[in-house]
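Reminder, nothing fancy here: chain letters follow the sequence lines and each chain counts from 1.
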Amino acid sequence: MRRFHVYDSRTRETRVFAPITPPRVGMYVCGMTPYSAAHVGHARTMVFFDVVARALRRWGYRPFYVQNVTNLDDKVIARAADSGDDPLALADRQFRDYLASMERLGVRSVNLYPYATDYVPEILAQVRVLIEKGFAYRSDDGSVYFEVAKFPTYGSLSGQRREELRPGARLELDPRKRAPEDFVIWKAATPGEPSWESPWGPGRPGWHIEDTAMTGRLLGDRYDLHGGGVDLIFPHHEAEVALAESATGVAPLANYWMHGGLLLLEGTKMSKSLGNVAVLDAVLDEYGPMPLRLYYLNVSYRSPLEFDPARSLVEAREAYDRLAQPAQRIAELLERGGADREGEEISEGVEAEADDLVERLDTLLADDFATREAIAALYGWGRRVGELGSLARYSGASLESLYGPYEWAEEVLGLFVRDASRTGGAWSEIVPVLLEARARARARGDFAEADRIRDALAARGIRVQDGADGTRWEFDTSG
RNA sequence: GCCGAGGUGGCAGAAUGGUUAAUGCGACGGACUGCAGAUCCGUUUCCUGGGGGUUCGAUUCCCUCCCUCGGCUCCA
């Protein structure tokens, strides 16, 4: 297991990562509430934690990555009421769309996506314990609240002091609470809305307790890593700490807390409630997944990132093409000739450089997931490969060495995952035949014929490019 | 008001108590090409919010001020 460091937002310092029971790593990230389409802000967080899980696996850990699905809350209910839908069916549908988007993005590292409503027994059990221990109280209408004053270390995660909070800064005060900072853990049922029976009357779970009930069941009283966007630190994560630690008596709930910076649009947080949203699927349709991943990972994960719909991904696409170019050239040669292809060997010096670079990439990432630096190093490798000139003369073994750093990028960053749709399908049989005919035409100087073939392919969305290593083709995805 | 994260070139954004402050985008020049495109190579010496302090040396460490964003019980 490789040693690495993470910035822990609870202690506000960079710490060596030590799992409770290595090599297992219990990892929990707050997912989105599926009441409408995911936006590129959500995706930033998900791509980042995807890289964390990928890196852990590469480094010999065995992460168990849980991402919760808050499939029932006020917003889901409100949205369902608008469309005359069943709330749980709506959430289920939205969640499936979200999963499909994650699949497109290459986010496949999550082991389990539990639905909150599948954990109602655990939630009820936790509510009961909290009441028994005197941390929670029932109001007259049948709701149950957590009494923050009973938990002395409340605020330790976010650095907030109870007396400095500004109650009602954004939301209406709730008269059923003993104190404004108390929060609901069981909501009394509203007629017509989904509800469950409980000792305190029919109702449904409050938001914060869903997570602690799920993590208690799935990851234990104490686990390794909790992640999410910085906007969740307070109150949500603070509430999780209060609930879990007072219910179990075990602290800390999570040994490391990682919070990703937000994506900003026109200087403010991208959020569905504000309506300033770039929908993930639309962006994926226009630019494809790789430029988006590169765009996210090109920044330190904790910094705010400004999203400019007109520019950010246009730039990222250029940058991605430049990064991927050497990798594509090598991969295509290997595909054609296989690993056994004959040819010149690269010098031992270059081979050693490739190996050293892979080691360095791991080292860079082990410093609080410095993806930006790793990417900068990959650009450097692209220049190195470029200096070698035409790659067609090298052996399969040499090409595989040159590909090493890119293989790392595929595995850990999820970049350059070769996309069969770019050169696949029935066209992969036909195009090479046509290009061979075109090559013959060019060789005999019949450029009119050569251009006719190229134009005909272009008319079908296939871009043909002549280069030092021969002629390449791919579907034109530039829109 | 309180808590937290940020402020670096034309733009996006790294890093370090010390020679030319990474990388990318853009721009400019060149190579390659039948042409086109893509790619590659080179150049882009004038960039670290303001003010103090520590130091031989500060973008980095300390103090202070200013600005931006997030949170203060809906939020990735």
Side-chain angles (χ1 to χ4, degrees), chain A residues 9 12 29-33 38-46 48-49 67 70 73-75 78 146 148 155 158-174 177 180-184 206-208 227-236 238-239 259-264 267-274 294-295 298-300 302-306 308 311-312 314-323 325-326 328-329 370 372-373 375-380 382-383 385-387 389-390 442 445-447 450-451 454-455 458 463-469 472 474:
Chain A
S9 36
R12 290 185 200 89
V29 174
C30 289
M32 62 172 283
T33 302
H39 59 64
V40 290
H42 298 121
R44 180 187 183 191
T45 301
M46 301 322 164
F48 172 68
F49 285 105
Q67 188 179 119
T70 305
D73 85 332
D74 296 349
K75 299 227 160 151
F146 183 83
V148 167
S158 60
Q160 300 277 4
R161 284 193 301 275
R162 216 150 54 77
E163 56 277 18
E164 294 286 0
L165 294 175
R166 215 181 240 192
R170 292 172 68 182
L171 295 179
E172 296 290 308
L173 293 174
D174 183 340
K177 297 178 182 180
E181 64 269 22
D182 292 352
F183 54 86
V184 69
W207 177 34
H208 312 304
V230 282
D231 54 342
L232 294 182
I233 293 179
F234 194 92
H236 183 53
E238 196 71 69
H259 288 103
L262 298 183
L263 199 68
L264 309 177
T268 60
K269 173 181 167 180
M270 185 175 293
S271 100
K272 287 185 268 190
S273 355
L274 296 173
L294 180 67
Y295 166 70
N298 230 344
V299 191
S300 61
R302 294 197 285 136
S303 305
L305 177 58
E306 177 71 39
D308 181 337
R311 291 193 47 197
S312 296
V314 175
E315 271 186 23
R317 186 166 58 196
E318 293 304 317
Y320 172 72
D321 283 345
R322 182 183 176 80
L323 186 63
Q325 181 61 29
Q328 290 287 354
R329 282 166 62 208
R372 183 59 185 98
E373 291 214 71
I375 289 167
L378 286 166
Y379 278 106
R383 282 193 300 279
V385 171
E387 285 167 9
S390 167
R442 291 177 72 204
D446 185 357
F447 298 118
D451 290 351
R454 184 171 64 194
D455 292 346
R463 188 163 55 190
V464 172
Q465 288 161 10
D466 301 317
D469 288 334
R472 306 177 55 225
E474 64 182 13

Looking at the side chain of [X], which of [options] is the nearest nucleotide?
X      : options             : answer
A:R372 : B:U73, B:A76, B:U23 : B:U23
A:Y379 : B:C2, B:G24, B:A76  : B:G24
A:K269 : B:G24, B:U73, B:A76 : B:A76
A:A319 : B:A76, B:C3, B:G24  : B:G24
A:E315 : B:C11, B:A14, B:G71 : B:C11

Handout entry: A:E181 to A:V148 - nearest heavy-atom pair and separation
Key = O-CG2, 3.2 Å
Assign [X] to base, sugar-phosphate, or nothing according to its heavy-atom contacts below 4.0 angstrom with the strands shown.
X      : value
A:L305 : sugar-phosphate
A:G228 : sugar-phosphate
A:G227 : nothing
A:Q160 : base
A:T33  : sugar-phosphate
A:G445 : nothing
A:S300 : sugar-phosphate

Can you check the distance between [N] and [M], where both ends of the measurement are the [atom1] atom (answer in whole Å)?
N     : M     : atom1 : result
B:C40 : B:C25 : P     : 9 Å
B:C11 : B:A38 : P     : 26 Å
B:U8  : B:U64 : P     : 22 Å
B:G49 : B:G13 : P     : 15 Å
B:U60 : B:G6  : P     : 15 Å
B:C35 : B:A27 : C1'   : 26 Å
B:G30 : B:C47 : P     : 28 Å
B:C67 : B:U73 : C1'   : 28 Å

Completion exercise
Per-nt protein contacts along nucleotides 34-42 of chain B (heavy atom under 4.0 Å; B base, S backbone sugar-phosphate only, - none) come out as BBBBSSSS-
Exercise for the section: Take nucleotides 4-9 of chain B nucleotide by nucleotide from the 5' end and write B, S or -, depending on whether a protein heavy atom sits under 4.0 Å from the base, only from the sugar-phosphate, or from neither. Expected result: SSS---
d([atom1], [X]; [atom2], [N]) in whole Å:
X      : N     : atom1 : atom2 : value
A:E373 : B:G24 : CD    : C1'   : 14 Å
A:L262 : B:G70 : CG    : P     : 8 Å
A:I375 : B:C25 : CD1   : P     : 13 Å
A:R311 : B:C11 : CZ    : P     : 9 Å
A:F234 : B:C72 : CZ    : P     : 8 Å
A:R162 : B:U73 : CZ    : C1'   : 14 Å
A:Y295 : B:A14 : OH    : P     : 12 Å
A:E238 : B:G70 : CD    : C1'   : 16 Å

Using the test side-chain hydrogen bond (donor to acceptor under 3.5 Å, both in side chains), find all partners of [X] that sit at least two apart in sequence or belong to another chain.
X      : answer
A:R472 : A:E332
A:S312 : none
A:T33  : none
A:H259 : A:S9, A:H237

Problem - Side chain proximity check, A:E315 to A:E318, heavy atoms < 4.5 angstrom - result: no
Practice task
Flag the pair A:Y295 / A:L263 as yes when at least one side-chain heavy-atom distance between them is below 4.5 Å, and no otherwise.
Solution key: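 In short, these two side chains touch, coming nearer than 4.5 Å.
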Problem - Sequence-distant partners of A:F146, ring pair (Phe, Tyr, Trp, His ring centres under 6.0 Å), two or more places apart - result: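 Listed in chain order: A:F183.
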Practice task
Could you pick out which residue, A:R161 or A:M270, lies toward the 5' side of RNA chain B when each is mapped onto its nearest nucleotide?
Solution key: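 With A:R161 and A:M270 compared, the 5'-side residue is A:R161.
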List for me each residue that meets side chain to side chain contact (heavy atoms under 4.5 Å, CB included) alongside [X], sequence neighbours excluded, and say none if there are none.
X      : value
A:D74  : A:K187, A:R204
A:K269 : A:D231, A:L262, A:S271
A:E373 : A:L364, A:A370
A:R442 : A:R438, A:F447, A:A450, A:D466, A:T471

Fill in the blank from the handout: d(A:H39 NE2, A:M270 CE) to nearest 0.5 Å is 6.5 Å
Problem - Inter-residue atom distance A:L264.CG - A:D308.CG, 0.5 Å rounding - result: 12.0 Å
Fill in the blank from the handout: Parsed dot-bracket for RNA chain B after applying the Watson-Crick and G-U rules with both distances under 3.5 Å and | for other-strand partners is (((((((..(((.....[....)))((((((.......))))))....(((((..]....))))))))))))....
